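Read through the structure below, which is laid out as C-alpha cells, and then see the notes.
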Amino acid sequence: MTAHRRVGDALNAALGTLLAEDPALYLLGEDIADPYGGAFGITRGLSTRFPRQVITTPISEAGIVGVANGLALAGDKAIVEMMFADFVALAFDQIVNFAAKSTTMYGHPVPMPVVVRCPTGGNRGYGPTHSQSPQKHFIGVPGLDVYELSPLHDPVALLRELLGSGRPSLLFEDKTLYAAPLRPDDLFRVTHHGFTAHVRVDDDIPADDYLIVAPGGLTGRATVAMRSLLLRYELSGRLLVPARLHPLDLDPLLEAATSTSRVVVVEDGPPGAAWGTEVAYRLQRALWGTSSGPVRLCQAADGVIPTAAHLEREVLVQAETIVRAVLEAHR
Amino acid sequence: MNDDDLRLLLLIRHFETALLDLFAQGLLSGTTHTCLGQEPVPVALRPLLHPDDFVFSNHRGHGHYLARFGDPAGLLAEIMGREGAVCGGVGGSQHLKRGRYLSTGVQGESLPVAAGTALHLAHHEPGRLACVHIGDGTWGEGAVYEALNMAALWRLPLLVAVEHNGIAQSTPTAAQLAGTIAARADAFGAAYLYVPADDVTDMRDLLDKPLTRVRDGGGPLVVEFATRRLGPHSKGDDPRSTVEVDQLRAADWHTRYAATLGPRFTDLDAEQRDRIAAVVRDVTGRAPVRERR
Ligand SMILES: Cc1ncc(C[n+]2csc(CCOP(=O)(O)OP(=O)(O)O)c2C)c(N)n1
Ligand SMILES: [Mg+2]
C-alpha cells in the first residue's frame with residue numbers, strides 16, 4: 001500500500017488481487033462491468049481483467065445473493081456488491097435464512113464463502129433510501145459475520161479473512177471512505193491487535209482521558225474529534241476500531257477500557273437494539289465493579305436521513321458530535 | 001412400467017403413509033408435508049438425473065430424497081431425531097443436505113441458489129444441470145422471477161420442475177395464480193414443457209429430449225407437471241371436500257395400477273409396505289440423535 005492512495009483505490013486493487021489469486025472467486029453486482037465499474041467505481045477494470053469471474057447482473061438483489069450462495073454451495077466463492085447498503089434489505093432472506101443458516105442447519109458444517117459488500121452511510125446528500133447504515137439488522141444472526149471497512153485495515157488481508165472463514169459475511173463500507181486517504185491523520189499512531197486497530201497520539205504521552213470505540217466508517221470523524229479534543233481541550237485518548245463488528249472480540253476493547261473511566265461507543269445509525277448498544281452492554285457488564293464510569297453511547301438521531309445537506313448533518317454523527325459526547329463524559 | 005419404478009413409487013407411498021400414521025399415534029412432532037399423489041415426478045426424473053446434477057427440493061421433498069438415495073431409514077431418523085439422522089436431526093423434514101441434494105423451507109428461495117450452482121456447472125462441468133422443484137403456489141415469490149431472468153439471460157442449465165397440484169396450502173390455484181406458467185416461461189424466453197404426471201414411462205419420453213437440450217447449453221427449461229395432492233397440506237389441514245379428494249384418489253396411480261397390474265402390483269405393494277414397516281420398527285427403536293460437532 002502506498003501512502004497517497006485512497007481507500008477506494010486500495011479496495012479496487014484488493015479485489016483484483018483476490019480475483020487473480022483465486023480463479024474460483026466470483027464478483028457479482030449491478031452495473032459493475034467496465035467501463036462503468038460500479039456506482040462508486042470500486043470494480044473499475046475488473047471485468048476487463050477477469051471476464052469470466054466478474055459478472056454484471058440485473059437489478060435483483062435477492063437473486064444475485066442467491067446466485068452467490070449457489071456458487072458457494074458448488075465449491076466456488078463469491079463477493080456481491082450491493083449498489084447501496086439500503087438495498088441489502090431485499091436480500092435479507094438469502095443472507096439470513098439461506099447463507100447463515102446453511103452453515104449449520106444441515107447437521108454438518110457447510111462452508112458458505114460469500115461476502116456481501118454494502119456501500120453504507122450518508123454525508124453525501126443521497127437521501128433517505130440511499131444513505132442508511134443497516135448494520136444492526138444483521139447483528140446477532142447465528143452463522144453470519146458483520147465487518148466494516150476502515151482506512152486502517154488492509155483490504156486484502158480483510159477480504160482473505162472473510163472469504164477464508166467459511167461463514168457468510170457482510171462488509172459495510174462507508175461511502176465517504178472511498179475518497180478518504182489511507183492514513184487518517186499524521187498526528188496519530190496506528191497499531192493493530194489482531195483485527196482491532198488502535199489509534200492514539202504517541203506511546204510516550206498518556207492517552208487515558210477517554211476511549212472511543214467506533215466502526216471503520218467513523219475513523220475519519222473520530223480522528224478529527226481526537227485532534228480537536230487534544231488541541232482545544234488537552235484531552236488525550238484512544239480510538240479502537242474493530243474490523244469485525246460481530247461476533248465481537250471484546251478483549252482488546254476491555255484492555256483499553258480498564259485504563260480510563262470514560263468510554264464512548266460511537267455508531268452512525270439510530271438508537272434501538274443497535275451495534276453500539278450491544279458493545280456498550282458487554283463492556284459495561286465486564287467493567288461492573290471497577291472504578292470505571294458508565295459506558296456512553298453516541299449514535300445518529302432517531303429519524304430518516306434527510307437529503308438537504310444541513311438537515312442530513314444534524315441526523316448523522318459528525319466529529320463535533322463525538323467531541324461533545326467525550327466532553328459530556330468529563331462533566 | 002418396470003418393477004424398479006413401481007417399487008420406488010410404492011416405497012415413497014408407504015413411507016409417506018407411515019409418517020401420517022406416526023403423527024396420528026403421537027410419535028412424530030413438528031410438521032411434515034407428504035407427497036402422496038406426486039410420487040411419479042421424482043420417479044420419472046430418477047434415471048434422467050446424474051449423481052453430479054444438483055437437486056433442490058422443497059417442503060414436499062421426501063419423494064425427491066428417496067428417489068435420489070433410496071434411504072428411508074436415514075430420512076425417517078432425520079424426521080424423528082434419531083440416531084442415523086442424515087442431517088443430525090437439525091434439519092428435519094424440510095432441511096436436508098446430502099452431497100448435491102439440498103432442501104430448504106422458504107418458498108422460492110432455492111431458485112436463485114440453483115441458478116448459482118447452474119452457473120458453476122456451465123463454467124466447470126458442462127453437461128450437468130441443476131434441478132429445482134417448486135409448487136404452483138411458489139410462483140407468487142419474486143425470487144422465482146429474478147432467477148428465471150438470470151438463468152435465461154445467461155443460458156444456464158437449470159431445470160425448474162413445477163409440481164402443479166392445483167393447490168397451495170389451502171388456496172386453490174385459481175385464487176392465487178393469474179395467467180399461466182407456460183406464458184411466464186415464454187416471457188423469459190425459457191423452454192416450457194407440459195407433462196401429465198401419471199405414467200413414468202410416458203413422462204420420460206416427453207422429458208428426454210428437452211433435458212438433453214438443457215444439458216447442451218440450450219438454457220433453462222420449465223416443466224409443468226400436472227399432478228395431484230392426495231393428502232393434507234401438512235398433517236390434518238385440508239379444507240377440500242371429501243368428494244373432491246375422492247375424485248383425486250380415483251385418478252391416482254395407486255388406484256389405477258391396483259386395478260390393472262394384478263398380482264405383480266399386489267406383491268410389490270406388500271413388499272414395500274413390509275420394507276417400510278421394518279424401517280419404522282428399526283428407527284423408532286433407536287436412541288435420540290446426539291448433537292454432532
Ligand atoms: C416464503 C414462504 N412463505 C410461506 C410459506 C408457508 N408455506 C409452506 S408450503 C406453502 C404452500 C406452497 O404451495 P405450492 O408451491 O403450490 O407447493 P405445494 O405445497 O402445493 O407442494 C406455504 C404457503 C413458506 N414455507 N415460505
Ligand atoms: Mg401446489
Side-chain angles (χ1 to χ4, degrees), chain A residues 23-30 33 50-80 87 89-114 142-143 168, chain B residues 52 54 56 77-78 81 85-92 94-125 128 130 132 141-154 156 158 289-293:
Chain A
L25 176 64
Y26 284 82
L27 178 61
L28 306 160
E30 295 158 13
F50 309 99
R52 178 186 58 82
Q53 291 161 268
V54 179
I55 302 176
T56 196
T57 71
I59 311 168
S60 305
E61 288 76 14
I64 55 185
V65 176
V67 167
N69 286 338
L71 287 166
L73 278 182
D76 295 323
K77 300 183 177 119
I79 299 176
V80 178
F87 311 155
L90 284 94
F92 197 78
D93 176 57
Q94 285 292 342
I95 294 169
V96 172
N97 281 326
F98 194 89
K101 288 180 186 173
S102 290
T103 60
T104 57
M105 81 169 172
Y106 296 108
H108 56 271
V110 175
M112 290 296 291
V114 173
Chain B
D52 290 338
F54 279 88
F56 289 85
E78 180 61 34
V86 281
C87 292
V90 184
Q94 55 183 337
H95 313 98
L96 300 172
K97 185 176 187 303
R98 182 164 166 183
R100 289 185 162 187
Y101 176 98
L102 179 145
S103 67
T104 178
V106 180
Q107 299 309 315
E109 183 186 68
S110 58
L111 236 106
V113 180
T117 60
L119 178 61
H120 169 91
L121 297 175
H123 284 177
H124 301 291
E125 300 174 52
R128 302 286 171 246
V132 54
E141 294 291 353
V144 173
Y145 301 86
E146 294 189 9
L148 256 189
N149 184 47
M150 287 185 282
L153 198 60
W154 301 334
L156 300 180
L158 181 72
V289 62
R290 274 190 302 273
E291 202 175 343
R292 249 192 278 174
R293 280 279 157 205

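Values below: every heavy atom of this structure, side chains too, minus hydrogens, waters and symmetry copies. From a predicted model like this one, the values you see are computed outputs, not experimental measurements.
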Identify the two heavy atoms, one from A:Gly107 and one from B:Val90, that lie closest to each other, and give their separation to 0.1 Å. CA-CG2, 3.9 Å
Heavy-atom pairs under 4.5 Å with chain A: which of B:Glu109, B:His95, B:Glu125 has the most? B:Glu109
Polar side-chain atom of A:Tyr106 near backbone of B:Val86 as donor-acceptor pair, under 3.5 Å: no
Turns out that what part of B:Tyr145 lies under 4.5 Å from chain A's heavy atoms comes down to neither
Between B:His124 and A:Tyr26, what is the ring plane arrangement, given parallel below 30°, perpendicular above 60°, and tilted in between? perpendicular
Which residue pairs pass the side-chain hydrogen bond (donor to acceptor under 3.5 Å, both in side chains) test with at least one member in residues 54-77 of chain A, sequence neighbours excluded? A:Asp22-A:Lys77, A:Asn69-A:Gln94, A:Asp76-B:His120
Any side-chain heavy atom of B:Val106 within less than 4.5 Å of one from A:Phe98? no
With the side chain counted from C-beta on, respond yes when A:Pro58 and B:Met150 share a heavy-atom pair under 4.5 Å apart, and no when they do not. yes
Using non-hydrogen atoms only, which part of A:Ile64 is less than 4.5 Å away from chain B: side chain, backbone, both, or neither? both
Between B:Ala118, B:Gly116, B:Ala147, which shows the greatest number of heavy-atom pairs under 4.5 Å with chain A? B:Gly116
Could you tell me which of A:Gly66, A:Ala78, A:Ala72 has the largest number of non-hydrogen atom pairs under 4.5 Å with chain B? A:Gly66
B:Leu102, part contacting chain A, at a heavy-atom distance under 4.5 Å: side chain
Heavy-atom closest pair (A:Gly63 atom, B:Pro112 atom, distance to 0.1 Å) is O-CB, 3.5 Å
Is the closest side-chain heavy-atom distance between A:Leu73 and B:Lys97 below 4.5 Å? yes
Looking only at heavy atoms, which two atoms of A:Gly70 and B:Thr117 are closest? And how far apart? O-CG2, 3.2 Å
Heavy-atom distance under 4.5 Å to chain B: side chain of A:Val65, backbone, both or neither? neither
Specify which of B:Leu153, B:Val144, B:Leu96, B:Leu121 makes the most heavy-atom pairs with chain A at under 4.5 Å. B:Leu96
